[in-house]
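Here the structure comes first, spelled out in structure tokens, and everything after it is commentary.
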Number of protein chains: 2
Amino acid sequence: MEDQTGYSVHRKILDEGSVDEMAEKSESKTLLSEKVRKSVRCSGPRLKECLLRSVPLLSWLPRYPIRENALGDMISGISVGIMQLPQGMAYALLASVPPVFGLYSSFYPVLIYFIFGTSKHISIGTFAVISVMIGGVTERLAPDSDFMIWDNVTNSSNVDIISRDAERVRVATAVTFLAGIFQILLGLVKFGFVVTYLSEPLVRGYTTGAAIHVIVSQLKYTFGISPVRYSGPLSLIYTVLEMCYLIPETNIGTLVVSIVTIISLILTKELNAYLSKKIPVPIPVELLAVIIGTVVSWQVNLGEKYGVDVVGIIPSGFQPPVFPEVSLFGQVIGDAFALSVVGYGIAISLGRIFALKYGYKVDSNQELIALGLSNSFGGIFQCFAISCSMSRSMVQESTGGKTQVAGALSAIVILFIVLWIGALFEDLPKAVLAAIIYVNLHGMMKQFLDIPVLWKKNKVDAAIWVATFILTVLLNPDIGLAASIGFSMLTVIFRTQLPTYSLLGQIPGTDIYRPLEDYNQVTQVPGILVFRSSATLYFANAEMYQDAVGKKSGIDIAKILSAKKKQEAKRERIEKENAKKAKKKGVNMEPEQKDIAFVELEAEPEPSHPRAIILDLSPVNFLDTVGVKALQNIQRDYGQIGIEVVLAGCQTGVVDNLQTGGFFSDKVTNSCLFATIHDAVLYCQSARAQEEGAAMTQF
Amino acid sequence: MEDQTGYSVHRKILDEGSVDEMAEKSESKTLLSEKVRKSVRCSGPRLKECLLRSVPLLSWLPRYPIRENALGDMISGISVGIMQLPQGMAYALLASVPPVFGLYSSFYPVLIYFIFGTSKHISIGTFAVISVMIGGVTERLAPDSDFMIWDNVTNSSNVDIISRDAERVRVATAVTFLAGIFQILLGLVKFGFVVTYLSEPLVRGYTTGAAIHVIVSQLKYTFGISPVRYSGPLSLIYTVLEMCYLIPETNIGTLVVSIVTIISLILTKELNAYLSKKIPVPIPVELLAVIIGTVVSWQVNLGEKYGVDVVGIIPSGFQPPVFPEVSLFGQVIGDAFALSVVGYGIAISLGRIFALKYGYKVDSNQELIALGLSNSFGGIFQCFAISCSMSRSMVQESTGGKTQVAGALSAIVILFIVLWIGALFEDLPKAVLAAIIYVNLHGMMKQFLDIPVLWKKNKVDAAIWVATFILTVLLNPDIGLAASIGFSMLTVIFRTQLPTYSLLGQIPGTDIYRPLEDYNQVTQVPGILVFRSSATLYFANAEMYQDAVGKKSGIDIAKILSAKKKQEAKRERIEKENAKKAKKKGVNMEPEQKDIAFVELEAEPEPSHPRAIILDLSPVNFLDTVGVKALQNIQRDYGQIGIEVVLAGCQTGVVDNLQTGGFFSDKVTNSCLFATIHDAVLYCQSARAQEEGAAMTQF
């Protein structure tokens with residue numbers, strides 16, 4: 001800063017009363033009823049605006065610049081559609097439903113979002129975290145053990161896969177439908193802001209934790225083993241232990257397929273990254289894996305010869321809509337709520353990143369409604385819950401996708417696959433799909449690198465990341481999410497509960513006050529203590545605030561008051577005795593004289609004590625009754641030993657809180673509130689000077 | 001304020017860098033390891049101090065002023081002891097154990113607290129809320145239905161009362177012991193501060209809600225009916241419904257006893273209040289009720305003639321100590337934790353009231369340990385959990401009790417009763433004990449009057465009261481407490497999440513800035529926006545903060561940026577075409593010229609836009625990474641359209657957060673932080689003047 005114009009102010013000392021007078025505090029506040037009336041007023045243009053906001057398609061499609069966007073959207077749509085095929089099938093495995101339902105989930109919801117969504121770049125469809133959460137529900141409510149049938153030929157019991165899968169689809173569609181309804185309701189009551197609780201460290205820790213669940217749930221396909229399903233807290237640990245126990249039963253054919261697929265996928269992805277600048281569209285790595293996997297499996301007959309688990313029957317065409325089973329709703333209501341929040345949280349955070357990048361706006365409440373409609377319609381058309389996938393969205397954007405038209409085109413690709421060529425993939429080994437999932441998760445695994453970065457930036461945020469990760473891994477994604485949100489809220493409480501208390505001193509020659517411990521050239525104003533807490537003042541720290549004032553000022557108020565009480569009692573006793581004696585002698589003491597003695601005692605200050613304490617309340621955001629009481633106590637207690645307590649730097653809201661909280665009385669008016677610390681200091685100094693002056697003239 | 005000394009300051013404009021330089025920011029911070037070392041250092045006097053702190057008796061008893069305190073303590077001790085008898089028996093009914101265990105609970109824990117406690121005036125012993133919580137546990141784990149035996153004589157099934165009660169005592173002692181252990185542990189890790197979560201509105205709402213539970217659980221004794229016991233959430237509602245259903249089966253004898261006792265108790269209490277100034281010791285109302293009730297019952301033979309439920313066998317003397325059953329611990333761990341927190345919360349809040357009144361100090365951690373020892377020893381000696389009772393403490397204080405010696409004396413009174421005269425009360429109707437409980441609860445019922453008072457003072461605190469009450473009534477005292485604490489923490493989040501965003505204007509002629517909407521005579525500085533949020537900035541409101549800056553400034557940053565991007569793209573295209581054309585013509589454009597055109601575009605400001613935005617961060621208590629990112633985004637976005645963003649009024653901790661959060665870079669240094677808003681305004685004005693001056697000279 002080169003300019004030295006300087007800071008120069010002359011004015012009178014301002015307390016709250018003078019400020020109100022000078023600046024004419026306005027009384028009129030907008031009434032709640034008025035606000036409500038304003039927000040529900042109805043009119044023609046308003047109705048049109050409302051319609052356009054509810055169906056964003058109507059506002060942007062008519063103005064779609066075909067010449068500029070069509071080509072990009074087409075290439076991007078086809079690329080994404082090709083990705084949807086393997087991902088949809090793979091994520092269906094995560095959700096523990098037959099792979100074809102993953103394809104349905106990549107079709108209907110995408111179309112609905114095309115109509116109602118406001119983000120132009122995110123790729124709606126199946127998503128690993130959501131799918132694994134659904135898998136948790138389906139396997140809990142339709143476990144293998146419920147579908148055992150006795151096979152007379154082999155004399156052993158087998159799982160009736162067809163009826164089990166049918167039941168699982170019923171569960172998945174029910175929870176999906178319900179999650180959609182939750183999202184619509186949350187959107188209608190404008191609860192889009194709930195996403196703000198999903199802070200970035202929390203979301204990243206959560207998705208990493210969920211990725212661990214995804215990996216563990218796919219290990220069985222990689223090794224070709226069938227562990228018992230565990231549910232509830234710590235189920236991940238039990239599953240891993242079971243897995244270790246079953247490792248000797250690994251199917252070698254499946255393992256070979258897995259290893260080959262994983263290695264080829266990684267290599268091709270590296271190649272893609274290397275070539276990214278030279279070719280316009282990335283190599284459809286996953287599609288290639290699926291095609292090659294299917295062809296090899298079909299030629300070598302992996303399924304029957306080597307006992308490799310394959311995808312199995314894929315029906316052609318779509319299934320008729322079925323309304324979800326209402327009787328299941330009671331059992332899945334918690335999961336549905338968790339799904340609705342997580343699904344929305346993922347979609348909106350990704351949507352916002354793109355919106356920021358391309359300078360448009362996503363409407364958080366409309367997004368909730370769009371996702372809710374996608375899920376609830378999807379639930380009726382046999383889909384499982386969707387959100388948006390990071391990897392597909394990246395491809396959609398990087399291949400030139402400009403609007404949701406790309407999404408709609410990807411749905412058409414899926415339509416084509418489902419109607420005509422889906423059945424070709426019946427021989428595809430499930431291990432290939434598991435490999436696709438692993439490789440897609442490497443982005444989430446990279447998030448472990450957040451920890452050192454966050455630790456350097458902000459220890460509390462690093463703690464939120466780690467706690468969320470651990471809670472999600474141990475308690476599963478549903479309860480883990482609730483626990484993590486609880487934890488991140490607790491950090492706010494802790495942060496305000498462990499504030500720094502400091503005495504402030506003046507920077508010589510200025511009106512600026514800074515903590516004494518932070519600066520060397522800061523001097524305490526003689527006889528005046530300026531006290532500040534770094535946090536707001538409310539029930540969780542009100543008592544500590546009082547203690548800290550005592551500690552920092554070095555005044556043991558309880559001791560002094562009790563000593564004073566004793567002294568008073570003694571004085572009274574002596575006076576009484578004197579009075580008795582006097583009575584005996586027939587002479588009565590003048591009552592006025594006694595009063596004066598008493599008043600003198602009240603005002604008599606210790607020479608070692610400060611004359612005034614200034615509480616800087618500028619960091620206070622609000623005061624509750626406990627906070628107001630704490631301030632009252634401080635003012636009363638120190639007042640009793642002759643120390644004046646004044647407040648400085650209150651916000652308007654805080655002044656209102658003091659007002660309604662009964663802080664002000666006949667004795668205490670808003671003239672003990674000062675605009676700035678320096679005002680308060682000047683006031684105390686001058687008041688002190690006056691007093692001393694008065695004392696001097698008295699003697 | 002009469003003095004007009006005035007506020008007069010001349011200094012240079014101070015940004016954070018200049019402040020650091022001027023005031024010599026100190027770098028040395030106390031290291032954590034040093035702090036730890038300091039706190040564990042061991043030495044002779046330290047050890048003695050530690051011992052005195054752990055066993056407060058040692059420090060105050062040797063200095064006990066017999067002449068002054070002995071008489072008061074004695075009268076007070078005997079009065080309290082006399083109260084302990086009926087209350088102990090009545091609260092034992094609440095805990096669903098035989099009445100004599102209430103007497104044990106009024107003896108052992110009181111003696112232990114005498115040794116370890118730090119409050120001089122609270123009366124340790126049975127307490128209604130705690131007792132009803134224990135009753136919930138005992139009736140859940142040892143319900144009547146578990147102890148049915150077939151009576152061959154009457155051909156009906158009866159409850160085996162003796163073994164049921166034995167089991168209930170086992171449950172009660174186990175939960176008591178465990179609660180004590182929890183309290184000791186919490187005290188050892190210095191968790192006394194947890195009580196700060198129990199804010200006054202919460203405690204008052206909670207005790208009122210618990211009182212409703214107490215009343216409902218005693219109705220069966222008043223009407224002489226035996227409803228089925230419900231447990232779990234909403235059990236209160238079910239119990240009341242059951243009760244209404246059973247009203248026709250009321251035992252008339254019991255009801256008459258109840259009504260007579262209640263009316264006489266109320267009348268005598270009123271008399272007591274009227275006489276309180278004339279007699280030194282209040283009439284022992286409850287003792288009289290118990291004695292008269294026993295005598296009448298014995299003479300009229302209420303028990304057998306009228307079917308009135310009486311207390312039954314009271315064994316003389318104490319029972320040998322038994323270590324609680326460890327196998328039960330797993331089932332009562334949650335209840336034990338709730339008991340430990342509630343018991344401590346009640347004791348410490350009452351203890352503090354007296355400490356404040358008499359000017360001494362209660363040590364919250366030592367209190368936890370004292371209560372924990374009382375409960376865990378008590379659990380071994382067949383007591384149920386204790387806390388302190390408001391009504392007894394009032395009597396202890398008002399009858400002249402000065403120290404815990406009064407408590408010890410009351411225990412001796414109980415000792416005398418248990419050893420010799422307890423058995424006399426076998427004929428006492430339980431309805432009398434229920435009546436004593438009701439009348440003791442009238443103080444808690446009065447707490448309903450808090451609601452209008454709180455509503456006037458602070459709406460959020462009123463909401464906490466009501467929510468706590470409802471949650472406690474519906475979810476029972478244990479889960480209700482957890483839910484209420486959760487709710488009161490959520491209010492903190494909500495309060496910081498819905499802040500007031502305002503533009504500040506200058507009070508003419510001063511350096512003070514106030515919200516434009518609150519004052520009429522406040523003027524906006526031309527070309528400079530001063531923006532403030534009333535709350536701290538963190539993950540839950542960071543996005544709203546960004547939105548609010550845009551809204552208040554009237555700048556649709558997304559729109560402008562996208563327009564700018566398009567314009568840039570267009571310009572680039574045109575330039576490319578030009579370049580191509582030029583190339584064709586063989587003439588190449590100078591690259592420097594292009595750069596200049598680009599730079600001009602960057603810095604070109606809209607005339608309608610402000611030149612600078614000042615964010616006042618003085619209400620910010622801390623910044624997390626999300627908050628830092630929000631500030632970065634604002635600075636970057638507005639910087640792109642030529643608006644400078646500077647910060648004002650950051651606390652030291654906030655500056656540190658900005659530092660570690662990566663806010664500062666080569667471009668952004670701490671010279672964009674200003675000590676006060678006025679400094680920032682002066683800086684912006686001068687910078688603007690300079691720029692304009694420069695622009696003028698250019699043309």
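We use all heavy atoms of the structure for the numbers below, so side chains are in, but hydrogens, waters and symmetry mates are not. Here is the naming used below: chain letters follow the sequence lines, and residue numbers restart at 1 for every chain.
Proximity to chain B involves both the backbone and the side chain of A:Asp511, based on heavy atoms less than 4.5 angstrom apart. The parts of B:Ser488 that come within reach of chain A are both its backbone and its side chain, each placing non-hydrogen atoms under 4.5 angstrom from that chain. When heavy atoms are compared at a cutoff of 4.5 Å, A:Thr669 does not approach chain B at all. Heavy-atom distances place both the backbone and the side chain of A:Glu200 under 4.5 Å from chain B. For a residue to count as touching a neighbouring chain, one of its non-hydrogen atoms must lie under 4.5 Å from one of that chain's; by this rule B:Leu490 touches chain A with the side chain only. Proximity to chain B (any heavy atom under 4.5 Å) is shown, for A:Asp616, by neither the backbone nor the side chain. Using a 4.5 Å cut-off between heavy atoms, A:Val626 touches chain B through backbone and side chain atoms alike. With a 4.5 Å cut-off on non-hydrogen atoms, A:Leu623 touches chain B through its backbone but not through its side chain.
Among the candidates B:Ile512, B:Val522, B:Ile507, B:Asn657, the residue making the largest number of heavy-atom pairs closer than 4.5 Å to chain A is B:Ile512. The residue among B:Asn541, B:Asn458, B:Val460, B:Val453 with the most heavy atom pairs within less than 4.5 Å of chain A is B:Asn458. For the options A:Gly486, A:Pro201, A:Ser618, A:Ala535, heavy-atom pairs under 4.5 Å to chain B are most numerous at A:Ala535. For the options A:Tyr360, A:Tyr538, A:Phe539, heavy-atom pairs under 4.5 Å to chain B are most numerous at A:Phe539.
Considering only heavy atoms from C-beta on, A:Asn621 stays 4.5 Å or farther from B:Ser534 through its side chain. Using a 4.5 Å heavy-atom threshold, the side chains of B:Met489 and A:Ile493 count as touching. Side-chain contact between A:Thr536 and B:Thr536: absent, with no pair of heavy atoms (C-beta onward) separated by less than 4.5 Å. Side-chain contact check for A:Leu454 versus B:Thr625: some heavy-atom pair is nearer than 4.5 Å.
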request  = Quick one: do A:Arg495 and B:Asp624 satisfy side-chain contact (heavy atoms from CB on, under 4.5 Å)? Show the steps, please.
outcome  = CA-CA 10 Å; A:Arg495 269 162 158 161; B:Asp624 60 359; 3.4 Å; yes

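Enclosure of atom NZ in B:Lys456 is not indicated, since only 12 or fewer non-hydrogen atoms of other residues, nucleotides or ligands lie within 6.0 angstrom.
Across all non-hydrogen atoms, the minimal contact from A:Gln651 to B:Pro619 is NE2-CB, 3.2 Å.
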